[in-house]
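Structure, as structure tokens:
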Amino acid sequence: KKGRGEGRKEGRAGGRAPTQGTNMKLNIANPASGAQKQLKVEEDSKLRAFYDKRIAAEVAGDVLGDEWKGYVLKIAGGNDKDGFGMKQGVLIPGRCKILMKPGDQGFRGYGRRNGERRRKGVRGCIVSPDL
């Protein structure tokens with residue numbers, strides 16, 4: 001009889017591989033012209049300006065480089081690595097499960113009864129390095 005933990009395969013713990021650094025994709029849009037641009041930022045020094053900011057907070061664009069000098073960027077939302085979307089009003093930097101009803105942001109409710117509420121996983125509205 002094997003004891004607890006014996007006979008398991010050696011490998012990573014916790015189910016997720018350790019990250020090799022922080023990288024984030026930023027979708028920058030100009031609503032007046034309809035133009036959109038996607039940036040992949042890998043430098044932690046540039047991303048620190050976004051950390052601990054909430055949805056709808058404004059960040060000066062010059063932190064991304066001289067190309068964005070003079071622009072003001074507004075945080076509109078995002079997803080973490082596993083696809084959980086940020087939700088306005090959830091004031092934590094990580095994930096939590098909240099009770100949602102039809103019509104709530106992030107709740108589609110396919111295959112449900114009338115008036116049924118479900119507990120769904122969402123991210124808080126505070127930007128953190130694990131986004």
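- Between the side chain of D80 and the main chain of F84, a donor-acceptor pair closer than 3.5 Å is present.
- At a threshold of 4.5 Å between non-hydrogen side-chain atoms, the residues V72 and V59 do not count as touching.
- In this structure, the side chains of R119 and M100 stay at 4.5 Å or more apart for every pair of heavy atoms.
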For this session: Could you give me the CA-CA distance, side-chain angles and deciding distance for I126 and I92, then say whether side-chain contact (heavy atoms from CB on, under 4.5 Å) is met?
Result: CA-CA 6 Å; I126 300 173; I92 60 170; 5.8 Å; no

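- Side-chain contact check for L64 versus I28: some heavy-atom pair is nearer than 4.5 Å.
- For the pair R123 and V90, the minimum side-chain heavy-atom distance is 4.5 Å or more.
- Of the charged side-chain nitrogens involved, at least one lies within less than 4.0 Å of a carboxylate oxygen, so that R118 and E116 count as a salt-bridged pair.
- Side-chain contact between N23 and K40: present, with at least one pair of heavy atoms (C-beta onward) separated by less than 4.5 Å.
- In this structure the side chain of K87 never reaches within 4.5 angstrom of the side chain of C125, judged on heavy atoms.
- Screening residues 47-65 for side-chain hydrogen bond (donor to acceptor under 3.5 Å, both in side chains), with sequence neighbours left out, gives D44-R48, D44-Y51.
- L47 and I55 fall within the same hydrophobic cluster, where Ile, Leu, Val, Met, Phe, Trp and Tyr residues are linked whenever their side-chain heavy atoms come under 4.5 Å apart, directly or through other members.
- Annotation: the span from Q38 atom CD to N27 atom CG amounts to 5.0 Å, rounded to 0.5 Å.
- Note: D104 CG to I98 CD1 = 7.0 Å, rounded to the nearest 0.5 Å.
- Between the CD atom in Q105 and the CE atom in M86 there is a gap of 10.0 Å [rounded to 0.5 Å].
- Taking the side chain as every heavy atom from C-beta outward, L39 and M24 never approach each other to under 4.5 Å.
- For N30, the CG atom is densely surrounded, since the number of other residues' heavy atoms within 6.0 Å is greater than 12.
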Problem set entry | Stepwise salt bridge (Lys or Arg N to Asp or Glu O under 4.0 Å) check, D82 with R95 | CA-CA 11 Å; D82 297 323; R95 283 189 210 157; 2.5 Å; yes

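- Residues K46 and V63 are not in side-chain contact: their nearest non-hydrogen atoms beyond the backbone lie 4.5 Å or more apart.
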